[in-house]
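First comes the structure, then the notes that go with it.
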Amino acid sequence: MAYVNTKEILDKANKEFYAVPAFNINNLEFFHAIVEGAVEERAPLIIETSEGAIKYAGNGDPFRGAKFFVDLVKGYAESVDIPISLHLDHGKNFSFIVAAIKAGYTSVMIDASEFPFEENVERTAEIVKIAHAAGVSVEAELGRLKGVEDNVSVDERDAVLVNPDEAGRFVELTGVDFLAPAIGTSHGAFKFKGEAKLDFERLKKVKELTGLPLVLHGASSVPEDLVELANQHGAKIEGAKGVPPEMLKEAVRYGINKVNTDTDLRIAFVAGLRKSLADDPAQFDPRKYLKLGKEYVKKVVKERLRFLGAAGKA
Ligand code: G3H
Ligand code: 13P
Ligand code: ZN
């Protein structure tokens with residue numbers, strides 16, 4: 001259908017109360033698996049790349065890497081029947097953000113969440129000015145992505161999680177298009193020691209005060225069956241725990257519209273790759289031994305598109 005602005009995809013999701021997963025990619029196999037899954041589910045799609053992914057694809061050069069991803073995603077989007085956008089995930093360095101905007105990404109994240117509020121505002125507002133002038137939409141983050149244990153004090157929770165009262169002011173001062181509030185998730189495969197818990201009260205307030213499409217980072221569910229399969233074939237992933245799908249659905253009810261997903265794809269792929277190499281040790285054609293990993297990634301993609309409500313929305 002088309003290579004579109006992420007804002008177009010997320011404004012629709014916000015209006016119609018569903019979420020679109022944003023899938024991180026670093027290479028061709030994941031990209032193909034994700035697009036195939038989204039086309040089969042007739043879902044809008046957000047592809048995102050980290051600064052690390054851009055560096056990897058450009059063999060060290062951000063401009064080359066950003067251009068590589070734009071050529072890949074834009075070229076492909078023109079030949080399939082769903083809207084696809086390309087987003088820079090966790091832009092922290094000016095050079096990567098500018099590289100993404102110049103190359104043709106349709107949205108960027110400025111992640112200045114590690115700085116005090118005023119500095120986060122200042123850095124975000126500067127990127128919004130540059131990006132909007134180029135027709136590119138912007139995501140920013142408030143609070144820090146860090147698991148919060150049950151037994152921590154109120155002060156400690158306040159120090160880490162989003163302060164909803166700041167959210168409305170932040171949006172007004174920066175003109176940002178989407179906001180990622182920290183509500184207790186963290187990146188990677190080890191999100192919670194005990195039971196999974198998110199601060200939905202904060203999320204509800206942020207939605208009420210901003211009305212913007214909201215983003216959940218660190219949203220992988222870390223499927224137990226895939227971790228087990230990987231471990232059966234030589235992986236050592238112990239004590240992994242993600243955000244259960246039911247909890248993600250609840251987050252969508254309270255206003256999450258973009259669900260960042262990287263770890264689940266990595267686990268699916270490594271499970272398939274390990275199984276494939278173990279089952280057919282004579283195989284040395286990468287197009288063949290990478291195939292099962294790709295199939296598992298596609299399965300995860302399709303499941304997420306369905307339970308987040310994005311399936312059928314293209
Ligand atoms: O938020 C982080 C994403 O999972 C990307 O991670 O920096 O390893 O590419 P990365
Ligand atoms: P996961 O590590 O939970 O997949 O989170 C990915 C993410 O937030 C990318 O920005
Ligand atoms: Zn993230």
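We count ligands from 1, going down the list as the structure has it; atoms in each ligand are counted the same way.
Put simply, NZ on Lys12 and CG on Leu10 are 11.5 Å apart, with the number rounded to the nearest 0.5 Å.
Under 4.0 angstrom from ligand 1, the non-hydrogen atoms of His90 all belong to its side chain. Counting heavy atoms under 4.0 Å from ligand 2, residue Ser50 does not touch it at all. Residue contacts with ligand 1 for Thr263 are absent, since no atom lies close enough (heavy atoms, distance under 4.0 Å).
Of the protein's non-hydrogen atoms, the one nearest atom 8 (O) of ligand 1 is Arg266 NH2, 3.2 Å. The protein heavy-atom contact nearest to atom 3 (C) of ligand 1 is Asp262 OD2, 3.3 Å. The protein atom (non-hydrogen) at minimum distance from atom 9 (C) of ligand 2 is Asp89 OD2, 3.1 Å.
In terms of polar-atom proximity, defined here as any N/O pair under 3.5 Å, Ser186 makes no such contact with ligand 2. Between Asp264 and ligand 2, no N or O atom pair is found at a separation short of 3.5 Å. Between His187 and ligand 1, a contact under 3.5 Å exists for at least one N or O pair. Where the criterion is an N or O separation shorter than 3.5 Å, residue side chain and backbone included, Asn24 fails it with respect to ligand 1.
In this structure, Gly52 does not count as a contact residue of ligand 1, since none of its heavy atoms falls inside 4.0 Å of the ligand.
Short contacts between ligand 2 and Lys191, defined as distances under 4.0 Å to a heavy atom of the residue, involve ligand atoms 1 (P), 2 (O), 3 (O). Ligand 2 places these atoms under 4.0 Å from at least one heavy atom of Asn24: 9 (C). Each of the atoms 1 (P), 3 (O), 5 (O), 7 (C), 8 (O) of ligand 2 lies under 4.0 Å from some heavy atom of Gly218. Taking a cut-off of under 4.0 Å to the non-hydrogen atoms of His217, the atoms of ligand 2 that pass are 8 (O), 10 (O). Taking a cut-off of under 4.0 Å to the non-hydrogen atoms of Gly188, the atoms of ligand 2 that pass are 2 (O). Each of the atoms 4 (O) of ligand 2 lies under 4.0 Å from some heavy atom of Thr261. Atoms of ligand 2 found under 4.0 Å from any heavy atom of Asp262 (numbered from 1 in listed order, with element): 4 (O), 6 (C). Heavy-atom contacts of His90 reach the following atoms of ligand 2: 10 (O) (cutoff under 4.0 Å).
Residues Asp177 and Ser107 are not in side-chain contact: their nearest non-hydrogen atoms beyond the backbone lie 4.5 Å or more apart. Counting heavy atoms from C-beta on, the side chains of Arg266 and Asn26 come closer than 4.5 Å.
The aromatic rings of Tyr76 and Phe31 sit perpendicular, their planes meeting at an angle over 60°, well past the 30° parallel limit.
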Check the pair Tyr105 / Thr49 against side-chain hydrogen bond (donor to acceptor under 3.5 Å, both in side chains), numbers first and verdict last.
CA-CA 10 Å; Tyr105 276 56; Thr49 70; 2.8 Å; yes

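For the residue pair Asp262/His187, the side-chain donor-acceptor check at 3.5 Å is not satisfied.
Between Glu29 and Lys294, none of the side-chain N atoms (NZ, or NE/NH1/NH2) sits under 4.0 Å from a carboxylate O, so this pair counts as no salt bridge.
Within His217, the N/O/S atom positioned nearest the Zn ion (ligand 3) carries the name ND1.
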